[in-house]
2 protein chains.
Amino acid sequence: MSLDTELDIKQTKEIVRLTLSEQISNRLRDMIIQNQLAPGDRIRERDICLELQVSRTPLREALQKLASEGLIELVPNCGAVISAPNPEEIADMLQVLGVLEAFAGERACALVTQEEINEIKALQYEMLAAFARGDRLGYFKLNQRIHLAIITAARSETLLSMHTRLNARLYRIRYQSNLRNELWGSAVSEHNDILAALEERNAEKLSRVLRQHLRSTWEKVSEVMMAEDH
Amino acid sequence: MSLDTELDIKQTKEIVRLTLSEQISNRLRDMIIQNQLAPGDRIRERDICLELQVSRTPLREALQKLASEGLIELVPNCGAVISAPNPEEIADMLQVLGVLEAFAGERACALVTQEEINEIKALQYEMLAAFARGDRLGYFKLNQRIHLAIITAARSETLLSMHTRLNARLYRIRYQSNLRNELWGSAVSEHNDILAALEERNAEKLSRVLRQHLRSTWEKVSEVMMAEDH
DNA sequence: ATATGGCATATTGTATACCAAATGTCAAAC
DNA sequence: GTTTGACATTTGGTATACAATATGCCATAT
C-alpha cells in the first residue's frame, strides 16, 4: 500500500503535469518522511543532483519549498539540513494538530454524508483487521486515512492544507513511535468513540474526543522519544 | 508607522543576513499585501528581474516560497499569478484563523505575563486614540498588533507560524475592508471583551470571544466584498 | 462568418558554466 | 593550547543557452 493509495481507485480527470522541481520536492519529502533522510542530516546539493539526475536549479527550487513547509532548514551558505524537532516542538505541533482536527470534527458533523460515514466505518474495520494481524504498518496507514477522511468531510481547503503540512512534519516521528511503542493499538477504543460521535453527528463530543486523541498520541510519542533520547 | 515598527525600538543583537531569495520573497509579499500587485495579476519573471535588478534563479526560488504560502499560484509553463481568493475561501480562512486565535487565547490565559497584559492594554488605548482621530490605517495596524501580541503570549511556534501565514493571505482584503467599511470601528467593544477576558485569565471566555470576533470580521469583510463584486 | 490548423513569437523550465563569498580544516606560528 | 592564515569545499548568485510549452495571429477550409 503506497502513500497515495487513492490513485488506484480514483479516476483522475486531468492529466497531471508536474514540473521537475515539484517531482523533486515530492521525492525528497517522501525520503524525509520515510527516514531515508534522517533528521540532522545535511543535504549536499551536488550529491542529490547526481542521485536524482537533475540540475541544481530545480533542486534548489524544491529545497525552498520544503523549507517553507518546515521539513528542512536552509542555513545560508551552509545548505539544507533535515529538521530535527525536539520534544517540545513535537508536543506543540501535536497540540495544534489536535485543535485543527477538533475543528474538522465540528464541521464534519454538520457536513458529512452517509457515504463518507460508511467509508470511515469500513476503514475502521480494516484497521481492526490490521491490528488483529499485528500488521503495524497497515494499522498506521489506515489510522492516517481515517483522520484524513474526517478532515475531508469538513470541506475546508484551508483546514486540509494546514493539516497536510503539519502532518507531513509529524509523520516520521509518529510512524517510528507506532513501530516501537508497546501500546501501539491503544487508540482502537478512542477510534470507536470518534466513529460513534460522528455517527450521532455530535459535534461537541467529536471535537472533544479528537482533541483528546491527539493528546494521548503525544503521550505515546513522547514515551518513545524519551526512550530513544537515552 | 511601518509594518516592522519593532525595528525602531528593539535592539537587534545579531546582524541579520538574508539570502537574496528571501529578500525578494519579502519584497514581493509586501507588494502583494499592499496591493501593488493585484489579485489576478500575472508576474512576468523578466519584468520583475529588471525591476528588482536580480537574476531569474533567486526570483524563481522566491516564487516557490510565496506559492507554498498561498499568496501566488504557480501554473506550469504559465508562470505565477497573484492569488484571488473568492468569498468562500476568505470565509474559510477566517474561520480557521478564528480557531487558531481561540486556541491562542486559551494558552495565553495560562501563560501570559502581567507585562504582556499591560502592553496589550496600552495598544488597546492607542487603538482607541487612532479610532477617535479617524485614523483608519493606525487603527488597523494596532488591531493587528494586538492580535499578534495574544498569539505571541500563547508561546507556540507552530501556532505563530500558521497564524502568520494565514494572516498574510488575508491581510490585503482585511485592510481594504477596514478602509471602506462604514463600521470600521465596530470591533472596539469586542476588543474590550478580549482584554477583559485576558485580564481575568478566563480561557473559556477569551477563546469564545476571539472566535466570535473573527466571525464578525467575516461579516464586515463580506459586506465590502459583495459591494465590490457589483 | 466561424472553425480549424499551423506558424511565429514570447515565456517558462531546465541545464550548465562560472565567480564570489562563506565555511571547515589543518598545519604553522606564537 | 590558542590563534592565525592558507587552502579546499560548498553554497549563493549570475549569465547564458536551449528545449518545451503557451499564446496570438493568419490563412485556409467549410
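Below, chains carry the letters A, B, ... as their sequence lines are ordered, and counting in each starts from 1. Since the model is a prediction, treat every value here as computed from it, not as a measurement.
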### Task
Write down the atom of B:L74, the atom of B:A80, and the distance for their closest heavy-atom approach.
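For B:L74 and B:A80, the tightest heavy-atom pair comes out as CD1-CB, 3.4 Å.
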### Task
Measure from the side chain of A:R42, starting at C-beta and using heavy atoms only, and say which of C:dT11, C:dG13, D:dT10 lies closest.
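For A:R42, the side-chain atoms sit closest to D:dT10.
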### Query
Quick one: which of C:dA22, C:dG13, D:dT23 gets closest to the side chain of A:N77?
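Given the options C:dA22, C:dG13, D:dT23, the side chain of A:N77 is closest to C:dA22.
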#### Entry: DNA chain C: 5'-proximal contact among A:R56 and A:L20 (nearest heavy atom)
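Residue closer to the 5' terminus by nearest nucleotide: A:L20.
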### Query
Under 4.0 Å between a side-chain N or O of B:R44 and OP1 or OP2 of C:dT11?
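Affirmative; the distance criterion is met.
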Given atom [atom1] of [X] and atom [atom2] of [N], what is their separation to the nearest angstrom?
{"X": "A:E45", "N": "D:dG12", "atom1": "CD", "atom2": "C1'", "answer": "8 Å"}
{"X": "A:I48", "N": "D:dT11", "atom1": "CD1", "atom2": "P", "answer": "10 Å"}
{"X": "B:E22", "N": "D:dG12", "atom1": "CD", "atom2": "P", "answer": "10 Å"}
{"X": "B:L74", "N": "D:dT21", "atom1": "CG", "atom2": "P", "answer": "17 Å"}
{"X": "A:D47", "N": "D:dT11", "atom1": "CG", "atom2": "C1'", "answer": "13 Å"}
{"X": "A:I24", "N": "C:dG13", "atom1": "CD1", "atom2": "C1'", "answer": "11 Å"}

### Query
Mapping B:C78 and A:V75 to their closest nucleotides on DNA chain D, which lands nearer the 5' end?
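It is A:V75, whose closest nucleotide lies nearer the 5' terminus.
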For the pair [X] and [Y], find out whether any cationic side-chain nitrogen is under 4.0 Å from an anionic carboxylate oxygen.
{"X": "B:R60", "Y": "A:E61", "value": "yes"}
{"X": "B:E106", "Y": "A:R211", "value": "yes"}
{"X": "A:R56", "Y": "A:E45", "value": "yes"}

### Query
For residues 57-73 of chain A, which residues have at least one heavy atom under 4.0 Å from DNA chain D?
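Under 4.0 Å from DNA chain D: A:R60.
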### Task
Could you tell me whether a side-chain N or O of B:E126 sits under 3.5 Å from a main-chain N or O of B:L142, the two making a donor and an acceptor?
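Between the backbone of B:L142 and the side chain of B:E126 there is no qualifying donor-acceptor contact (under 3.5 Å).
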### Task
Taking atom CD of B:E115 as the centre, report whether more than 12 heavy atoms of other residues, nucleotides or ligands fall under 6.0 Å from it.
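Atom CD in B:E115 is not packed in, count stays at 12 or less.
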### Task
Please step through side-chain hydrogen bond (donor to acceptor under 3.5 Å, both in side chains) for the pair B:H213 and B:H147, ending with a clear verdict.
CA-CA 11 Å; B:H213 181 57; B:H147 286 274; 3.1 Å; yes
